[in-house]
Amino acid sequence: MGPFITFEGPEGSGKSTHIRLLAEQLRARGREVLVTREPGGTPLCEAIRGLLQHDTADESPTPRAEALLFFASRAQLVETTIRPALRRGVWVLCDRYADSTFAYQGHGRGFPLDALQAINAFATGALVPDLTLLLDIDAAASRQRLAARQAAASGGDRFERESDAFHDRLRRGFLDLATREPARFRIVESGRAIASVAEDVWSAVATRFAAALDGG
Ligand code: TYD
């Protein structure tokens, strides 16, 4: 099985940049890499992403329906894309995965974590990442980056418009998840120069997968 690495963190924490940089590092070492994201990553999952991110017509999903749409997207992505790639020995890098549900729908929206964990195990067939990189950024810095992003594009998605209190809960939620599973998580402080963050990401990966990276 190839290594399965997920990137987590609040909006504006730099996940997509650091996934791209890590993929480049691994490819430069001759490793086959699949980069994917949640929600999304297949045509059906991208359609679900569209449903989730923008309030369609006059109806937006209720919080429960929203949670189940994230799980539906994950179930599809795991079975059609992630597991087959891992079986071929490919390194899979995923932008958000189950911890986003535990942080956003659990800590953010207030659904009980044990219920979310049970549905997640059903949706994924209990596929757990080998390593989860939590890009941590404080709520104020995250806000600043988002404001810049929103000025450049549209008005932001449903979660980007949530309150500061929501974003504080979210960040504490991610940190709490990391504390509960220290063997799987590495916390990387992300409010710094891109090169320093990328160095820490690489060092976490190189340490965790020293054997797989050896000899090539
Ligand atoms: P995205 O544009 O990918 O956000 P970001 O660039 O910050 O990663 O949008 C994904 C949104 O969906 C983001 O606000 C987080 C949210 N989300 C959940 O609420 N639950 C989940 O399980 C997942 C995967 C994402």
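All values reported here derive from a predicted model rather than from experimental measurement. Just follow the structure's listing: the first ligand is 1, and inside any ligand the first atom is 1.
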Looking at R192, I want to see if its CZ is surrounded by more than 12 non-hydrogen atoms of other residues, nucleotides or ligands under 6.0 Å.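 Buried by this count: over 12 neighbours within 6.0 Å.
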Which of the ligand 1 atoms, numbered from 1, are nearer than 4.0 Å to a heavy atom of [X]:
{"X": "K15", "answer": "5 (P), 7 (O), 8 (O)"}
{"X": "Q105", "answer": "18 (C), 19 (O), 20 (N), 21 (C), 22 (O)"}
{"X": "R74", "answer": "22 (O), 24 (C)"}
{"X": "E11", "answer": "7 (O), 13 (C), 14 (O)"}

Does ligand 1 have a heavy atom under 4.0 Å from the side chain of [X], from its backbone, from both, or from neither?
{"X": "E66", "value": "neither"}
{"X": "R37", "value": "neither"}
{"X": "R96", "value": "side chain"}

Is R49 reaching over with its side chain to a backbone N or O of P39, donor-acceptor style, under 3.5 angstrom?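 Present.
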Sequence neighbours excluded, which residues qualify as side chain to side chain contact (heavy atoms under 4.5 Å, CB included) partners of D168?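 Checked D168 against side chain to side chain contact (heavy atoms under 4.5 Å, CB included); matches are A139, R172.
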Check this for me - ligand 1, R49, N or O atoms closer than 3.5 angstrom, yes or no?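 Among all N and O atoms of R49, at least one is under 3.5 Å from an N or O of ligand 1.
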Ligand 1 N/O within reach of E38 N/O, cut-off under 3.5 Å: no
List the steps, then state whether side chain to side chain contact (heavy atoms under 4.5 Å, CB included) holds for R171 with D138. CA-CA 7 Å; R171 180 184 180 213; D138 67 41; 3.5 Å; yes
Regarding R186 and T207, is there a side-chain donor-to-acceptor distance under 3.5 Å anywhere? no
Using the six-membered ring of Y97, assess whether NZ or CZ of R74 lies under 6.0 Å from its centre and within 45 degrees of the ring axis. yes
Just how far is it from atom CZ of F71 to atom OG1 of T101, taken to the nearest 0.5 Å? 5.0 Å
